[in-house]
Engineer: 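This is the structure, below, for whatever I ask next.
Order of listing sets the numbers, starting from 1, for every ligand and every atom in it. Position 1 is the first residue of the sequence, and the numbers go up from there.
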Amino acid sequence: ITGPRSPDQVYSEGQPYSFFLTKVHGIQNQYNQVLAMDIKDILSPIMGTLQASCQFNYMFEIPWLMKQYPEQFRSKPLLLVHGFTAGNKTALEIEATKYSNIKFCQARLEMIYGTHHTKMMMLLYEEGMRVVIHTSNLVERDWYQKTQGMWISPLFPKLKKEENKSNFSRGDSPTNFKKDLLDYIGSYKAYQLKDWQQNIADHDMSSAKVVIIGSSPGRHMAENKHKFGHMRLRKVLNTHGPPKDFVKSWPVIGQYSSIGSLGATKDAWLATEFLQSLATVEGSSCVPLASINLKLIFPTKDNVRCSLEGYPAGASIPYSINVAKKQTYLTSYFHHWISKGRGRSRAMPHIKSYCRPSPSSQEVAWFLVTSANLSKAAWGALEKKGSQLMIRSYELGVLFLPKFFGSKKTIPVSSDINDTDKLLLPYDLPLKPYQKEDRPWIWDIAYKELPDCNGNMWCPS
Ligand SMILES: O=C(O)c1c[nH]c2c(-c3ccccc3)cccc2c1=O
């Protein structure tokens, strides 16, 4: 059926994967009517009768955020979890002064250059509780003309009254969703999160089909070495990943909106430590890496110039020239951002996603949507002869694995938005490699040769 749908209809059409993109202003209707949600849809009373909410994020525009809640929910308790310090923290608190229902939790960031990237909504309703793990900042620009991703949980019912509700394992799923979410939130060691830890414990999350992949700042060693970051992904794929021989020739795709300093050569981190984790298969993570085809999707300067936002889209794709010039080896891995299947070739990616597609592009061995960009800060870097994983930032994502969606070895993928019983990727397959004249978007150099779609040049000061 074509035509506008209510949020609950969009939600049920998106099952069982429950992976949606944000609605985009200025594209054809059909690409916003199926498998797409706006923040107002997520917060709609149709999704639940809100009692309280908690928003983990990086950037906040509080007056705009309050307007996204239905009027009758704007006075409900709202906890904002951020990573700001000093002046930025004060500015945020001042912006919230007039909203007496808003409280703050400042996430500890003891590792320099770390940020609180995690984007998650916890929504407590009269009817139960819902969790949304996504990629959009709580600012208007992030929900207007970008490609963003989200996983929306089922409505988790409240657990029946029982004395042993204190043991957190009750009401967990085959993917350990509840325990892993509690472990992640526990890593903040913040008293302001105690009530929300209890809310999670009080709900039956047995219907969650995704696996939590989080990052928390610190040096993780011994039994904690596989708790977060790319070592967490390695551990999960080692346990639940595809059979080795089945995916031998399958590539791995990374897609993100920013790139950190990855070292002077591909062997410094990208094609060794990081690829080792992405390429991990069931039962063994020692795969001959030279045989694995790593493909990276990153917008070209022309993708940005011709985007709906024009060059200003690049203000959210912070790849700096000082980092780029040290790692020109990356260009050979790069592919264009093309999303004709989702009507989003001109909606620049702020989503971050990783997957392992079949050569035919008909299926994936796994799919991950996350806040984590291509950086050591987000994924971690092994130290001390691989005995510890050093992570700088908070990140959160969810991993889709075939076995938890009832299929043997793979998850079927479609490029047709009417095929809603399959997983729809945010971009087109097969990918288009950079040609010789293609350049990655770099945000801190000028572009004065060709104007963008609004007739403007890009002259960063
Ligand atoms: O978590 C996120 O989503 C984001 C995190 N950092 C961003 C930056 C930035 C770049 C260098 C230093 C500090 C901030 C700039 C523009 C967008 C983002 C962004 O979107």
Side-chain angles (χ1 to χ4, degrees), residues 21-22 24 39 55-61 64-65 80-89 91-92 106-107 109 111-121 132-151 184 213-217 229 254-262 297-299 301 303-304 307 309-327 337 347-354 368-379 391-398 426 440-445 458 460-461:
L21 301 183
T22 51
V24 173
I39 185 168
Q55 297 278 1
F56 289 66
N57 218 298
Y58 172 68
M59 287 189 218
F60 303 80
E61 280 163 6
W64 171 83
L65 173 60
L80 301 182
V81 184
H82 65 89
F84 288 126
T85 56
N88 290 328
K89 174 180 178 181
L92 195 62
Q106 178 196 344
L109 274 164
M111 308 291 285
I112 184 167
Y113 304 125
T115 38
H116 185 260
H117 271 165
T118 290
K119 297 165 172 73
M120 171 165 62
M121 305 184 187
V132 180
I133 293 171
H134 65 107
T135 65
S136 304
N137 282 292
L138 294 175
V139 300
E140 185 165 22
R141 279 250 317 263
D142 267 44
W143 295 81
Y144 190 64
Q145 291 184 314
K146 297 180 189 299
T147 298
Q148 302 270 21
M150 65 185 87
W151 171 78
Y184 173 76
I213 306 285
S215 289
S216 189
Q255 176 276 312
Y256 41 81
S257 60
S258 183
I259 309 172
S261 188
L262 307 180
I297 300 173
F298 189 67
K301 68 173 172 47
N303 285 154
V304 175
S307 72
E309 297 173 271
Y311 284 126
S316 292
I317 307 175
Y319 190 25
S320 86
I321 183 67
N322 289 330
V323 173
K325 70 189 179 189
K326 292 186 298 185
Q327 48 199 35
W337 168 261
M348 285 301 100
H350 189 261
I351 186 174
K352 293 87 176 151
S353 66
Y354 301 78
L368 171 68
V369 59
T370 173
S371 62
N373 276 307
L374 187 64
S375 77
K376 292 174 11 179
W379 285 103
I391 296 174
R392 297 182 188 277
S393 298
Y394 290 91
E395 308 284 351
L396 191 59
V398 291
W441 167 259
I442 288 172
W443 80 327
D444 52 359
I445 60 175
W458 181 254
S461 51

Engineer: So, does K352 use its side chain to make a donor-acceptor pair with the main chain of H350 at under 3.5 Å?
Structural biologist: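 Yes, because the side chain of K352 sits within donor-acceptor range (under 3.5 Å) of the backbone of H350.
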Engineer: Does the plane of the ring in Y184 sit parallel, tilted or perpendicular to the ring in F56? Use 30° and 60° as the thresholds.
Structural biologist: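 Because their plane-to-plane angle lies in the 30° to 60° range, the rings of Y184 and F56 count as tilted.
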Engineer: Pairwise, report which nitrogen or oxygen atoms of ligand 1 are under 3.5 angstrom from protein nitrogen or oxygen atoms, and how far apart they are.
Structural biologist:
from: ligand 1; atom 1: 1 (O); to: H117; atom 2: NE2; distance (Å): 3.4
from: ligand 1; atom 1: 1 (O); to: K119; atom 2: NZ; distance (Å): 2.8
from: ligand 1; atom 1: 3 (O); to: K119; atom 2: NZ; distance (Å): 3.1
from: ligand 1; atom 1: 3 (O); to: N137; atom 2: ND2; distance (Å): 2.9
from: ligand 1; atom 1: 3 (O); to: H350; atom 2: NE2; distance (Å): 2.9
from: ligand 1; atom 1: 20 (O); to: N137; atom 2: ND2; distance (Å): 3.2
from: ligand 1; atom 1: 20 (O); to: H350; atom 2: NE2; distance (Å): 2.7

Engineer: In chain order, what residues pass the salt bridge (charged side-chain N to carboxylate O under 4.0 Å, His left out) check against K146, with sequence neighbours excluded?
Structural biologist: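 So K146 forms a salt bridge (charged side-chain N to carboxylate O under 4.0 Å, His left out) with E309.
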Engineer: Going by the angle between their ring planes, with limits at 30° and 60°, are F298 and Y319 parallel, tilted or perpendicular?
Structural biologist: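 Plane angle over 60°, so perpendicular.
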Engineer: Is the centre of the H117 ring less than 6.0 Å from the centre of the Y58 ring?
Structural biologist: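 Yes, they do, as the ring centres are separated by less than 6.0 Å.
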Engineer: According to the interplanar angle, ranging from 0 to 90°, do the rings of F60 and H82 count as parallel (below 30°), tilted (30 to 60°) or perpendicular (above 60°)?
Structural biologist: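 Geometry flag for H82 against F60: perpendicular rings.
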